[in-house]
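The block underneath contains the structure these notes are about, expressed in structure tokens.
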There are 2 protein chains.
Amino acid sequence: MPTFKITLAYDGTDFVGWQRQANGPSIQGLLEEALRELDGRVVIVNGAGRTDAGVHALGQVASCSLERAVSPDVLVRALNARLPSGVRALSAVEARPDFHARFDARAKIYRYRIWNAAVLDPFERRYAWHLPGPLDVDAMEAAASFLEGRHDFAGFQASGGGTHTTERTIRTSVVSRTGALVVYEVAGDGFLRHMVRTIVGTLVDVGRGRWPAEHVRGVLTAADRTLAGPTAPAEGLFLVSVEYGDL
Amino acid sequence: MPTFKITLAYDGTDFVGWQRQANGPSIQGLLEEALRELDGRVVIVNGAGRTDAGVHALGQVASCSLERAVSPDVLVRALNARLPSGVRALSAVEARPDFHARFDARAKIYRYRIWNAAVLDPFERRYAWHLPGPLDVDAMEAAASFLEGRHDFAGFQASGGGTHTTERTIRTSVVSRTGALVVYEVAGDGFLRHMVRTIVGTLVDVGRGRWPAEHVRGVLTAADRTLAGPTAPAEGLFLVSVEYGDL
């Protein structure tokens with residue numbers, strides 16, 4: 001009964017998100033169906049990050065245990081033969097029997113892409129937030145840096161997020177520009193519901209001059225969601241990778 | 001009655017190609033409808049390259065004449081307000097009254113993208129040809145270089161292409177690899193129907209070891225389509241840019 005760590009990439013455009021739901025195809029649901037066919041019984045798949053509808057992944061990680069003794073290579077090929085082309089298993093490795101993609105994750109890296117030009121590149125329309133007006137990226141970068149370290153991120157959590165603790169440690173939080181593309185990259189030990197998208201919405205408010213960079217410090221201190229900016233749209237967000245200790 | 005040169009980008013996935021057709025939405029058709037709304041009368045749009053269904057453009061050029069005296073900036077905004085997000089007007093400039101995007105084009109640059117790895121990146125599924133097996137890119141590059149210069153390209157033309165002359169001058173014809181991505185870029189004074197895709201199919205046959213690089217010389221000399229490789233799929237092809245003299 002081998003347990004696997006599977007690394008996945010997906011274009012989130014056509015899915016209701018990671019989690020199995022009644023209203024449409026989910027990544028978890030597609031994986032569980034493919035694995036049930038392969039293993040001949042119901043298989044439970046756990047994901048490191050429960051990405052929302054429209055959010056993409058370059059390196060999501062899933063865990064599952066199978067009855068059949070298949071090799072990781074056979075598992076990758078069997079999954080890709082059954083999954084739609086918008087979801088791909090990139091690799092698989094065998095892990096210890098109690099490995100759990102979410103509980104064992106030590107860090108996650110997310111990237112958020114903004115297209116900052118008058119006209120949205122048609123090839124970016126599903127993969128970036130289009131903001132045609134001026135953005136002060138230096139101010140956004142200064143604001144982003146205030147998020148590094150251990151903080152209470154309750155102010156950046158979706159209402160109704162309701163986890164036990166809202167403290168998280170952010171290792172890197174940086175904004176950069178390459179031509180029209182403004183990228184926010186954030187790495188941390190964990191993220192609250194809608195946390196990255198709320199951070200981005202707040203950074204964009206700073207970039208538009210609505211608030212000074214220091215405003216993000218106030219949101220952290222007050223831990224008040226109403227002080228943060230709007231939730232940035234899902235299509236700009238990518239789960240880049242997930243880090244683990246020993247498997 | 002100003003005449004315009006309009007530069008366009010589009011994701012060809014959801015269209016029947018450049019040319020207006022009865023079986024679905026075309027780029028030309030969408031542009032003509034948007035311009036008819038703007039100008040209040042039927043407008044004819046000419047395109048530099050008549051891209052096939054599924055072929056993309058980064059810098060297609062179209063020409064048209066309007067009754068209304070609009071500025072190029074207003075024209076770009078009016079088009080983008082009416083076009084679907086998969087088609088964008090990038091810029092417009094006023095041209096001389098008899099400017100014609102196709103007849104006045106001096107050169108065109110096309111790019112063809114191949115994803116050469118076991119697993120196709122899900123974000124490349126509409127924008128590259130997936131070839132999982134080994135490809136000898138050095139042999140492909142050698143074969144590509146034989147196409148530079150003035151040649152009769154009848155052997156690389158779709159059957160029924162039927163233009164007056166099949167001689168064309170190719171300025172650059174190069175293959176390069178960056179990781180899993182193999183890119184063919186070709187610039188020339190004109191291209192026959194399916195010419196780039198037939199060249200790519202032939203280069204891939206060389207890369208797979210079916211023929212030596214010199215085979216492309218034989219296809220040129222014999223001018224026989226049956227000696228060339230298969231027509232590569234449309235989704236990997238991009239019209240990059242079109243060059244003109246004085247407007």
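Side chains included, hydrogens not; waters and symmetry mates left out as well; all remaining heavy atoms used.
Proximity to chain A (any heavy atom under 4.5 Å) is restricted, for A89(B), to the backbone atoms N, CA, C and O.
Taking a 6.0 Å sphere around CG of D246(B), one finds it holds 12 or fewer heavy atoms contributed by other residues, nucleotides or ligands. No more than 12 heavy-atom neighbours from other residues, nucleotides or ligands sit within 6.0 angstrom of CZ on R106(A).
Ring centroids of F238(A) and F123(B) are separated by less than 6.0 Å, placing the two rings close together.
Distance check: D121(B) CG to L90(A) CG gives 8.0 Å after rounding to the nearest 0.5 Å.
Heavy-atom minimum distance, R125(A) versus S85(B): CD-OG, 3.2 Å. Among all heavy-atom pairs drawn from P122(A) and R88(B), the shortest one is CD-CG, 3.8 Å.
Looking at heavy atoms from C-beta onward, D11(A) lies in side-chain contact with R126(B) at the 4.5 angstrom threshold.
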